[in-house]
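Have a look at the structure below, then the notes.
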Amino acid sequence: MERTRVDVAILGAGVAGLEAARVLHEHEIDFVVLEARERIGGRIFSLRDESLPVAIELGAEFVHGSAPELREVACDAALTVVDIDGQRWQSQKGRLRPADDFWDGLNAVMSRLRTRGEDRSFEQFLNSSRRRDRRAREFAIQWVENFHAADPVRVSERALAEGGSPGDDVRERRLGRVLGGYDAVARWIARGIGNKIRLGTVVTGVQWEQGAVRIETRQLSGTSGGLEARAVIVALPLGVLHAAPGEPGTVVFDPPLARDSTKAAALDGMTMGAVAKITLRLREAFWASSRFARRAKDPNLDRLSFLHSPDRDFPVWWTSYPVSAPVLVAWRGGVRAREISAAGEDQAVELALSALARQFGLTRREASGMVTATWFHNWESDPYARGAYSYMLVGGNDAPAKLARPVRRTLFFAGEASDSEGRTGTVHGAIASGRRAAAQLLRVL
Ligand SMILES: Cc1cc2nc3c(=O)[nH]c(=O)nc-3n(C[C@H](O)[C@H](O)[C@H](O)COP(=O)(O)OP(=O)(O)OC[C@H]3O[C@@H](n4cnc5c(N)ncnc54)[C@H](O)[C@@H]3O)c2cc1C
């Protein structure tokens, strides 16, 4: 018989909710984690293909920068994080050339973003700048759209200035990959608390007053249930908090979150960015072959890590370097990613195959003949994500800090969107937010 009364309910078993749970468990607090999906990890979603030596990462894939919270987990769990020290290339109409100036070009633009004065959009910032370094501006636009998954017309200049790029810090420019698959991070954080996680449990409502919360749930099987708690940690994606009542996955708060003026400002100050990511399994890692090197007139493509281009559909590609595998990932962030996702998986794959041909100077027939399998997850239409990850809108650079503030010692908030240290949209930011929310709650309990 499942218990119907606990001290703390944690909503969501992504790494933010799991990390909060881990800390509460350490302090012997009575809690449960309620998770809509039949798996933990949320936007970490790793699949395996037995013919490949790397995991297929449908969600998070990279360890960005120093990411101490994540490297700490990796170290405790004895997970191998490999550095991606390969070479970046750029493709212009199918002609490839090294992009060794990527970080410096990006920094030349991003270091001019203002942290003072009235906030503007990234596009307004670009238009106000008299410098006309076309290549550096292209890198910066690609970074904002593809790394931040943001719309340059809406994203806050100040938020980008306060941690939106690694600057000239080589440690923050580092990129790594969890070799055995990112889901090992979620599994490690959740070790020892498995019996407190209720999978397949969709939270539909939270009625609350100070010190007393009633949570309505629906099992994926259809049966309804409820749970009472003294406090709740809301570790749901921002997209779910934004969803209109009646939409699948929506949680109706009573009284509504937006009745609190700080929470209303937090929710208005951020939005979910969109990403379309397609993993392709190929007959061979063709870019590393001598045949392709002759054709591309460059023998050094075997260390290809990232390929950038101004392509409309899929401007960023990466290999599994340093692991040698016949895998390419096609990536698009921002407004176009939302359109591609809305077109559905078949159309998204078609667009990726055409882009593959354009980027690598292949015929469309050669490109599709090389692909033996594809993977795609539609994060836009996923009711329990409703987008890829958050970014701050003009005037909203303090929105994550506002989201992180507890309400009446009863509602606590975790999740990547509530990280106020410039790590929104990342796994390590989500872990840090869970740790912070648990600490806030422990002070109250
Ligand atoms: C395609 C993609 C690529 C990414 N790449 C990277 C990367 O390379 N590096 C990086 O650091 N970050 C990356 N990210 C971002 C990273 O995945 C997230 O920032 C992080 O995983 C968020 O963790 P979280 O716990 O805040 O949220 P989530 O992982 O989304 O967890 C929230 C949980 O709440 C559950 N939930 C939602 N609604 C309900 C409900 N009504 N009832 C019960 N449960 C509910 C969800 O199922 C989910 O499990 C990527 C994200 C995407 C989508």
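We count ligands from 1, going down the list as the structure has it; atoms in each ligand are counted the same way.
Between Asp101 and Arg88 no salt bridge is recorded (no basic side-chain N to carboxylate O distance below 4.0 Å). Using a 4.0 Å cut-off between charged nitrogen and carboxylate oxygen, Glu416 and Arg423 do not count as a salt-bridge pair.
Here the closest heavy-atom approach between residue Val349 and residue Ile278 is recorded as N-CD1, 3.8 Å.
A distance below 6.0 Å separates the ring centres of Phe62 and Phe306. Checked against the 6.0 Å centroid threshold, Trp331 and Trp318 count as a close aromatic pair. Proximity of the aromatic rings of His377 and Trp375 is defined here by a centroid distance below 6.0 angstrom, and this criterion is not met.
The protein heavy-atom contact nearest to atom 23 (O) of ligand 1 is Ala430 CB, 3.5 Å. When hydrogens are left out, the protein atom nearest atom 51 (C) of ligand 1 is Tyr389 CD2, 3.5 Å; that is the closest non-hydrogen contact. Residue, atom and distance of the protein heavy atom nearest to atom 34 (O) of ligand 1 are Gly12 CA, 3.4 Å. Distance from atom 42 (N) of ligand 1 to its nearest protein heavy atom, with residue and atom name: Val203 N, 2.9 Å. With respect to atom 35 (C) of ligand 1, the closest heavy atom belonging to the protein is Glu35 OE1, 3.3 Å. Here the heavy atom of the protein found nearest to atom 25 (O) of ligand 1 is Ala16 N, 3.0 Å. For atom 26 (O) of ligand 1, the nearest protein heavy atom (residue, atom name, distance) is Glu416 N, 2.9 Å. When hydrogens are left out, the protein atom nearest atom 9 (N) of ligand 1 is Phe62 O, 2.8 Å; that is the closest non-hydrogen contact.
Residue-ligand proximity, Pro237 to ligand 1, at heavy-atom distances under 4.0 Å covers atoms 30 (O), 32 (C), 34 (O), 37 (C). The distance from ligand 1 to the heavy atoms of Val202 drops below 4.0 Å at these ligand atoms: 41 (N), 42 (N). For ligand 1, the atoms closer than 4.0 angstrom to any heavy atom of Val240 are 37 (C), 38 (N). Ligand 1 places these atoms under 4.0 Å from at least one heavy atom of Val275: 1 (C). Against a heavy-atom cut-off of under 4.0 Å, Gly14 is close to the following atoms of ligand 1: 25 (O), 29 (O), 31 (O), 33 (C), 49 (O). Under a 4.0 Å criterion applied to the non-hydrogen atoms of Val427, ligand 1 contributes the atoms 10 (C), 11 (O), 12 (N), 16 (C). Atoms of ligand 1 found under 4.0 Å from any heavy atom of Leu58 (numbered from 1 in listed order, with element): 1 (C). Within ligand 1, the atoms closer than 4.0 Å to a non-hydrogen atom of Gly42 are 29 (O), 48 (C), 49 (O), numbered from 1 in the order shown.
In this structure, Lys196 satisfies the cation-pi test against Phe31, with its NZ or CZ atom closer than 6.0 Å to the six-membered ring centre and inside 45 degrees of the ring normal. Geometrically, Lys263 does not engage Phe253 in a cation-pi contact defined by less than 6.0 Å to the ring centre and at most 45° from the axis. Remark: Arg332 is not positioned above the aromatic ring of Phe314, lacking an NZ or CZ atom under 6.0 angstrom from the ring centre and at most 45 degrees off the axis.
Only the side chain of His64 comes within 4.0 Å of ligand 1, counting heavy atoms alone; its backbone N, CA, C and O stay farther away.
The closest approach between Trp331 and ligand 1 falls below 4.0 Å for a heavy atom of the residue. Under the 4.0 angstrom criterion for non-hydrogen atoms, Thr201 is in contact with ligand 1. Put simply, part of Gly41 is less than 4.0 Å from ligand 1, judged by heavy atoms. Within the 4.0 Å heavy-atom shell around ligand 1 one does not find Thr424. Not a single heavy atom of Leu11 sits less than 4.0 Å from an atom of ligand 1.
Polar contact with ligand 1: present for Thr426 (N/O pair, distance under 3.5 Å). At least one N/O-N/O distance between Gly249 and ligand 1 falls below 3.5 Å. Considering both main-chain and side-chain atoms, Arg37 comes within under 3.5 Å of ligand 1 through a nitrogen or oxygen pair. The shortest N or O to N or O distance between Val251 and ligand 1 is not under 3.5 Å. Taking any N or O of Ala388, backbone or side chain, none lies under 3.5 Å from an N or O belonging to ligand 1. Considering backbone and side-chain atoms together, Gly415 places no N or O closer than 3.5 Å to any N or O of ligand 1. The shortest N/O to N/O separation between His428 and ligand 1 does not fall below 3.5 Å.
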Would you check, one step at a time, whether the test side-chain contact (heavy atoms from CB on, under 4.5 Å) holds for Thr319 with Val327?
-> CA-CA 6 Å; Thr319 66; Val327 173; over 6 Å; no
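Summarising the contacts of atom 17 (O) of ligand 1 with Pro383, Gly65, Ala60, Ala385, the nearest heavy atom is found in Ala60. Considering Tyr384, Trp379, Phe376 only, the shortest heavy-atom separation from atom 37 (C) of ligand 1 involves Tyr384. Nearest-residue assignment for atom 29 (O) of ligand 1 (options Glu61, Arg386, Arg43; heavy-atom criterion): Arg43. The heavy atom nearest to atom 45 (C) of ligand 1, out of those in Leu236, Thr204, Asp419, Thr250, is found in Leu236.
Between Phe360 and Trp287, the ring-plane angle classifies as tilted under the 30° and 60° cut-offs.
Using modelled atom types, one finds no donor on one side chain facing an acceptor on the other under 3.5 Å when comparing Glu216 with Ser224. For the residue pair Tyr389/Arg43, the side-chain donor-acceptor check at 3.5 Å is not satisfied. Checking Arg386 against Ser381 by side-chain atom types alone, no donor-acceptor pair falls below 3.5 Å. Side-chain contact check for Asn378 and Glu345: no donor-acceptor pair (N or O, by modelled atom type) lies under 3.5 Å. Checked by atom type, the side-chain pair Thr115/Glu162 shows no donor-acceptor distance below 3.5 Å.
Between Ile10 and Leu24, the closest side-chain pair of non-hydrogen atoms falls below 4.5 Å. Put simply, the side chain of Arg198 does not reach to within 4.5 Å of the side chain of Thr217, judged on heavy atoms.
The local environment of CZ in Arg303 is crowded, with over 12 non-hydrogen atoms from other residues, nucleotides or ligands closer than 6.0 Å.
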